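The shown structure was predicted, so the numbers you read here are calculated from the model rather than taken from an experiment.
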Amino acid sequence: MSELLQPFVLSLELAGITTVLLFLLAIPLVYLIYFAQSAIKPLLKAVVSMPLVLPPTVLGYYLLIILRPEGWLGKLSDQLFDLRLVFSFPGLVIGSLIFSLPFMVNPILSAIENLPASYKEAAYTLGKSRWNTLWHVFLPNVRSSVIVGLVMTFAHTIGEFGVILMIGGNIPEETRVASIAIYNEVEMLNFDNANIYATILLLFSFVVLFCVYFYQNRRVEGVI
C-alpha cells in the first residue's frame, strides 16, 4: 500500500470502529439519561458533553494518565490482556470513543426529548416497558437524528488531532492517522504532501456536511 494512503486507511479504520462501538454504547446511555431523575439528568448530560468544551490537549492529558502502563486502565489492560494502550491503535479507539461521545449521544437524546409526550403515554398505555418504548417507539421516530449522529461521529473522528497526538503520538502504520500526517509533513517542510492530506480532508468534511444538510432538507420537504 502507498505510504501516502496509509494514514487515510488508518483514519477510516479508526472512524469506522469508533462509530460502530459508539452507536452500541450510545443507546444504553440515551436510555439512562432520558429516564434518569430530573436532579441527576443535568449531571449526566454535562459529563457526556464535556469533550465538546474541553481543550483536546486537556482531554488527551487525562487519557494519557489513565492509559499509560502506570495508570489504572493501562495497568488493568497489561495484566488481563498483555495489551499496551498508550501509543497504540487500541488506545486510539478508547480515546476516540470518549472525545466523539457527545456527537453520537446528543443528537439522538435531543430528538427524543423533543418528541410529543403522547408517544410515551401511548406506549405505556399499551404496556410497553421503558426499553421497548425507546427501541420500538422513540428510535424509529428519530431515525434522521440517529443517521446524523452516525455521520458526525465518523467525520469528527477522522479530523481529530489533539487527543490523537497526546495518546497515540506519531507512529507510522500504528497511530499516524491523516490529521497527524499533515502535522508530520509540515514539520519536515514537505508542503506538497501536507497539501494533499489537507485537501482530501477538506473535501471530505465538505461532502459529509453537504450530505447531512441535504438529507435533513429532504426530510423537512417530505414532512411538508
Side-chain angles (χ1 to χ4, degrees), residues 1-26 48-60 89 92-93 95-111 114 142-168 170 172-173 175-224:
M1 181 185 303
S2 163
E3 189 178 336
L4 198 63
L5 287 178
Q6 207 283 328
F8 287 111
V9 174
L10 203 59
S11 292
L12 292 173
E13 284 180 19
L14 179 63
I17 293 171
T18 300
T19 303
V20 171
L21 292 180
L22 259 189
F23 177 71
L24 298 176
L25 290 172
V48 168
S49 298
M50 280 286 279
L52 287 175
V53 295
L54 265 181
T57 47
V58 174
L59 180 59
F89 188 77
L92 292 191
V93 173
S96 298
L97 291 176
I98 294 172
F99 69 68
S100 292
L101 183 63
F103 291 87
M104 180 68 81
V105 171
N106 287 352
I108 301 174
L109 180 62
S110 177
N114 285 319
V142 298
R143 190 169 55 247
S144 60
S145 295
V146 173
I147 292 172
V148 169
L150 290 168
V151 173
M152 294 305 292
T153 298
F154 189 87
H156 181 254
T157 306
I158 287 280
E160 178 55 34
F161 173 78
V163 174
I164 299 286
L165 186 63
M166 289 290 285
I167 63 176
N170 183 15
E173 300 184 11
T175 63
R176 185 184 291 170
V177 295
S179 56
I180 301 296
I182 295 175
Y183 174 75
N184 185 60
E185 297 296 343
V186 170
E187 267 203 323
M188 295 191 300
L189 301 180
N190 193 349
F191 288 98
D192 288 340
N193 283 350
N195 190 45
I196 292 173
Y197 287 127
T199 302
I200 292 175
L201 286 185
L202 177 69
L203 292 174
F204 174 80
S205 302
F206 173 76
V207 169
V208 167
L209 287 175
F210 175 78
C211 290
V212 167
Y213 288 125
F214 182 77
Y215 176 74
Q216 287 181 328
N217 192 50
R218 288 288 299 271
R219 292 276 302 176
V220 170
E221 287 180 351
V223 171
I224 294 174

Quick one, [X] and [Y] - any side-chain contact, counting heavy atoms below 4.5 Å?
X	Y	value
Phe89	Ile17	yes
Leu203	Ile200	no
Cys211	Val207	yes
Val177	Phe161	no
Val208	Phe210	no
Leu52	Ser49	yes

(message) Keeping Glu160 on the side-chain end and Gly162 on the backbone end, is there a donor-acceptor pair under 3.5 Å?
(response) yes
Heavy-atom pair with the smallest gap, counting every atom of [X] and [Y]:
X	Y	answer
Ser11	Ile158	O-CD1, 3.6 Å
Ser145	Ala111	OG-CB, 3.2 Å
Asn114	Ser110	ND2-O, 3.0 Å
Pro102	Ile98	CD-O, 4.0 Å
Phe204	Ala155	CE2-CA, 4.1 Å
Met104	Leu150	CE-CD2, 3.5 Å

(request) Consider only side-chain N and O atoms of Asn170 and Thr175, and report whether a donor and an acceptor are under 3.5 Å apart. (result) no
(message) Is a donor from one side chain sitting under 3.5 angstrom from an acceptor on the other, for Thr18 and Thr157?
(response)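 There is no such pair (donor and acceptor under 3.5 Å, judged by atom type) between the side chains of Thr18 and Thr157.
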(message) Under the rule for side chain to side chain contact (heavy atoms under 4.5 Å, CB included), what residues qualify as partners of Ala198, not counting sequence neighbours?
(response)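 Here the qualifying residues are Ile182.
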(request) Show your working on side-chain hydrogen bond (donor to acceptor under 3.5 Å, both in side chains) between Thr153 and Thr19 and close with a plain yes or no. (result) CA-CA 6 Å; Thr153 298; Thr19 303; 5.7 Å; no
(request) Supply the atom-to-atom distance Leu22 CG to Leu97 CG, rounded to the nearest 0.5 angstrom. (result)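 With rounding to 0.5 Å, CG (Leu22) is 5.0 Å from CG (Leu97).
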(request) Quick one: which residue pairs count as a side chain to side chain donor-acceptor pair (under 3.5 Å) with a foot in residues 190-210, not counting sequence neighbours? (result)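 Matches after skipping sequence neighbours: Glu185-Asn190.
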(message) Atom CE of residue position Met166 - does it have more than 12 heavy atoms of other residues, nucleotides or ligands inside 6.0 Å?
(response) yes
